[in-house]
Amino acid sequence: MGCGWCCLDNPCGVSHSLHGYLPRCPELLWDETEGRYFCRLLVEPRPGVDLTELRAGKGCCAPLNPWRGHLLRRR
Ligand code: SF4
Ligand code: SF4
């Protein structure tokens, strides 16, 4: 759903391997038109970067997370 909670709370292993431990994953994009977050690696795949662990398209892993019902750009 693109609420951003997972990526803001705990950047994934792909982010760690590409960028190290940063306060905020630089691949997390807010789309003003869609009103949700996207992962840039999914929108613009990079050769050699394995995205299997993101499980994109498999559904939300935190269905009780209240952020899902209130999509907004988090600072
Ligand atoms: S690489 Fe993509 S899925 Fe992983 S933390 Fe960053 S924005 Fe989220
Ligand atoms: S809580 Fe669900 S909708 Fe929000 S970032 Fe995580 S998987 Fe996506």
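Whatever order the structure lists them in is the order used to number ligands and atoms, beginning at 1. Below, each value reflects all heavy atoms present in this structure, side chains not excepted, and no hydrogens, waters or symmetry copies. No experiment lies behind these values; they were computed from the predicted model shown.
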Over all heavy atoms of both residues, which pair between W67 and G4 is shortest? Give the atoms and the distance, please.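 Reported closest heavy-atom pair: CZ3-C, 4.2 Å.
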Search all heavy atoms of P63 against all heavy atoms of R68 and return the closest pair with its distance.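 Shortest heavy-atom contact: O-NE, 3.5 Å.
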What are the atoms of ligand 1, with element, lying closer than 4.0 Å to any heavy atom of [X]?
| X | answer |
| --- | --- |
| C39 | 1 (S), 2 (Fe), 3 (S), 7 (S) |
| L41 | 1 (S) |
| C7 | 3 (S), 5 (S), 7 (S), 8 (Fe) |

For ligand 2, which atoms, with element, lie under 4.0 Å from some heavy atom of [X]?
| X | answer |
| --- | --- |
| G2 | 3 (S) |
| N65 | 1 (S) |
| C6 | 1 (S), 5 (S), 6 (Fe), 7 (S) |

Considering only non-hydrogen protein atoms, determine which one is nearest to [atom] and report residue, atom name and distance to 0.1 Å.
| atom | value |
| --- | --- |
| atom 4 (Fe) of ligand 2 | C3 SG, 2.4 Å |
| atom 3 (S) of ligand 1 | L54 CD2, 3.6 Å |
| atom 6 (Fe) of ligand 1 | C25 SG, 2.3 Å |

Is any side-chain heavy atom of [Y] closer than 4.5 Å to one of [X]?
| X | Y | value |
| --- | --- | --- |
| D31 | V43 | no |
| V14 | V49 | yes |
| L22 | P11 | no |

Exam field: side chain R40 to backbone P45, donor-acceptor pair closer than 3.5 Å: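 Side chain of R40 to backbone of P45, a donor-acceptor pair under 3.5 Å: no, none is there.
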Between the side chain of E27 and the main-chain N/O of S15, is any donor-acceptor distance below 3.5 Å?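 Pair absent, no side-chain N/O of E27 close to backbone of S15.
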Which residue from V43, L28, L42, L51 reaches closest to atom 7 (S) of ligand 1 through any of its heavy atoms?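 That would be L28.
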N, O or S of C60 under 2.8 Å from atom 2 (Fe) of ligand 2: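 Within the cut-off used here (under 2.8 Å), C60 does place an N, O or S atom near atom 2 (Fe) of ligand 2.
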Do other residues, nucleotides or ligands put more than 12 heavy atoms under 6.0 Å from the CZ atom of R55?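 No, because the 6.0 Å sphere around CZ of R55 holds 12 heavy atoms or fewer from other groups.
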Given that the side chain starts at C-beta and the backbone is N, CA, C, O, which of these parts of L29 lies under 4.0 Å from ligand 1, counting heavy atoms, or is it both or neither?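 Contact part for L29 vs ligand 1: neither.
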Could a heavy atom of W5 be found less than 4.0 Å from some atom of ligand 2?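 In this structure, W5 qualifies as a contact of ligand 2 - some heavy atom is under 4.0 Å.
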With respect to atom 4 (Fe) of ligand 1, please indicate if C12 possesses an N, O or S atom at a distance under 2.8 Å.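 Yes, C12 qualifies, because one of its backbone or side-chain N, O or S atoms lies under 2.8 Å.
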Working to the nearest 0.5 Å, report the span between CG of L51 and CZ of R46.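 If we round to the nearest 0.5 Å, L51:CG and R46:CZ are 9.5 Å apart.
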Any non-hydrogen atom of V14 lying under 4.0 Å from ligand 1?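 No.
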Would R74 pass as a cation-pi partner of W5, given that its NZ or CZ must be under 6.0 Å from the six-membered ring centre and within 45 degrees of the axis?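 Verdict for W5: no cation-pi partner in R74.
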